[in-house]
Amino acid sequence: MRRTLIALTIAGALAASGCAARSAASQPPAPTAAHQHPASAPTTGGDGRRLATQLARARLATARYATNLQAAKADGYQILTRMIPDMGWHFLNPTIQGFDVTKPPILVYEHHHRAWQLAAFEWVFPTQPATPPLPGATYGSFGAACHYRDGTFVPAPSQADCPTRSPQTGAGFNFWHPDLVTLHLWVWYPNPDGLYNGTNPYIKPFNRG
């Protein structure tokens with residue numbers, strides 16, 4: 001019953017918020033397509049101004065988390081995945097639902113020695129939104145998976161297929177999610193491949209922590 005309640009609680013958040021992909025070296029590589037987003041169309045005129053305003057609001061609202069992972073944890077963010085190469089560590093706040101650029105459900109951090117730096121936000125959706133929540137937004141995908149309390153995960157078509165313990169570390173089961181549509185937003189770290197691209201070549205130095 002407890003696992004079912006956890007799954008329902010976080011699945012509700014995931015359906016309107018965000019989740020990520022594979023764990024670092026401890027997990028089998030996910031298909032490359034799962035982390036690639038098509039190039040976004042350039043925004044001009046009114047769309048460009050609206051996007052700039054949204055990004056400014058997002059940065060102001062999350063500035064306290066920029067180099068302070070403990071502040072994010074104190075506000076309810078919990079580990080979702082360990083380091084995903086060319087992406088980062090993902091932390092989910094399961095109480096955040098719906099799309100609000102100032103309240104991302106997932107924060108993506110880079111880790112180097114003892115320092116943590118916020119790099120991106122992420123949202124997930126059960127299906128691709130009919131209307132992009134931000135001008136020029138593009139999407140990626142992440143397959144159904146079982147997640148564990150230490151940030152490891154394994155692909156699985158249903159919750160019934162989830163091992164009760166992480167095959168990598170032995171950590172306890174946390175929740176399962178179905179196939180998801182993902183939206184990344186690189187608010188706190190530049191991405192030469194685009195604001196919405198799933199991966200970022202500038203993150204490679206952080207891949208080993």
Side-chain angles (χ1 to χ4, degrees), residues 10 12-21 34-78 80-81 84 86-112 115-142 180-204 206:
I10 302 191
L14 288 174
S17 21
C19 175
H35 302 299
Q36 287 185 338
H37 293 207
S40 57
T43 53
T44 59
D47 279 350
R49 289 189 292 273
R50 187 163 65 253
L51 178 59
T53 299
Q54 293 283 70
L55 295 180
R57 292 178 60 231
R59 287 176 66 89
L60 285 170
T62 57
R64 65 189 181 280
Y65 304 141
T67 58
N68 192 340
L69 176 59
Q70 291 306 313
K73 288 181 174 181
D75 285 347
Y77 287 90
Q78 311 158 11
L80 178 63
T81 77
I84 297 172
D86 297 349
M87 194 180 294
W89 295 66
H90 295 68
F91 294 84
L92 167 73
N93 186 332
T95 68
I96 297 176
Q97 299 191 31
F99 185 89
D100 182 340
V101 76
T102 68
K103 295 179 180 179
I106 292 178
L107 302 178
V108 183
Y109 276 86
E110 310 312 327
H111 182 227
H112 183 63
W116 293 87
Q117 179 179 338
L118 181 58
F121 305 159
E122 188 176 354
W123 289 262
V124 298
F125 309 92
T127 58
Q128 183 169 316
T131 302
L134 292 169
T138 57
Y139 307 93
S141 62
F142 182 60
L180 297 169
V181 174
T182 63
L183 169 63
H184 287 83
L185 184 65
W186 293 88
V187 175
W188 284 99
Y189 210 83
N191 188 346
D193 288 344
L195 183 67
Y196 302 114
N197 203 62
T199 56
N200 184 340
Y202 287 170
I203 301 308
K204 290 185 184 297
F206 301 109

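The model shown is predicted, which means the values in this text are computed figures rather than measured ones.
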Any idea which heavy atoms bring [X] and [Y] closest together, and the distance?
{"X": "A58", "Y": "V101", "value": "CB-O, 3.5 Å"}
{"X": "P135", "Y": "D47", "value": "CG-O, 3.7 Å"}
{"X": "Y109", "Y": "A66", "value": "CE2-O, 4.4 Å"}
{"X": "M87", "Y": "E110", "value": "O-OE2, 2.6 Å"}
{"X": "W188", "Y": "L118", "value": "CB-O, 3.0 Å"}
{"X": "F125", "Y": "L183", "value": "CE1-CB, 3.9 Å"}

Does a side-chain heavy-atom distance below 4.5 Å link [X] with [Y]?
{"X": "P104", "Y": "L185", "answer": "no"}
{"X": "Y196", "Y": "H184", "answer": "no"}
{"X": "L55", "Y": "L195", "answer": "yes"}
{"X": "L69", "Y": "W89", "answer": "no"}
{"X": "T102", "Y": "F121", "answer": "no"}
{"X": "F91", "Y": "Y65", "answer": "no"}

Angle class for the W123/F99 ring planes (parallel below 30°, perpendicular above 60°, tilted otherwise)? tilted
Enter the distance from [X]:[atom1] to [Y]:[atom2] here, rounded to the nearest 0.5 Å.
{"X": "I84", "Y": "F142", "atom1": "CD1", "atom2": "CZ", "result": "6.5 Å"}
{"X": "Y77", "Y": "I96", "atom1": "OH", "atom2": "CD1", "result": "3.5 Å"}
{"X": "K103", "Y": "T62", "atom1": "NZ", "atom2": "OG1", "result": "13.0 Å"}
{"X": "Q128", "Y": "T131", "atom1": "CD", "atom2": "OG1", "result": "10.5 Å"}

Any donor-acceptor pair under 3.5 Å linking the side chain of [X] with the backbone of [Y]?
{"X": "N200", "Y": "P190", "value": "yes"}
{"X": "N93", "Y": "D75", "value": "yes"}
{"X": "W186", "Y": "N197", "value": "yes"}

Can you confirm whether Y202 is buried at OH, in the sense that more than 12 heavy atoms of other residues, nucleotides or ligands lie under 6.0 Å from that atom? no
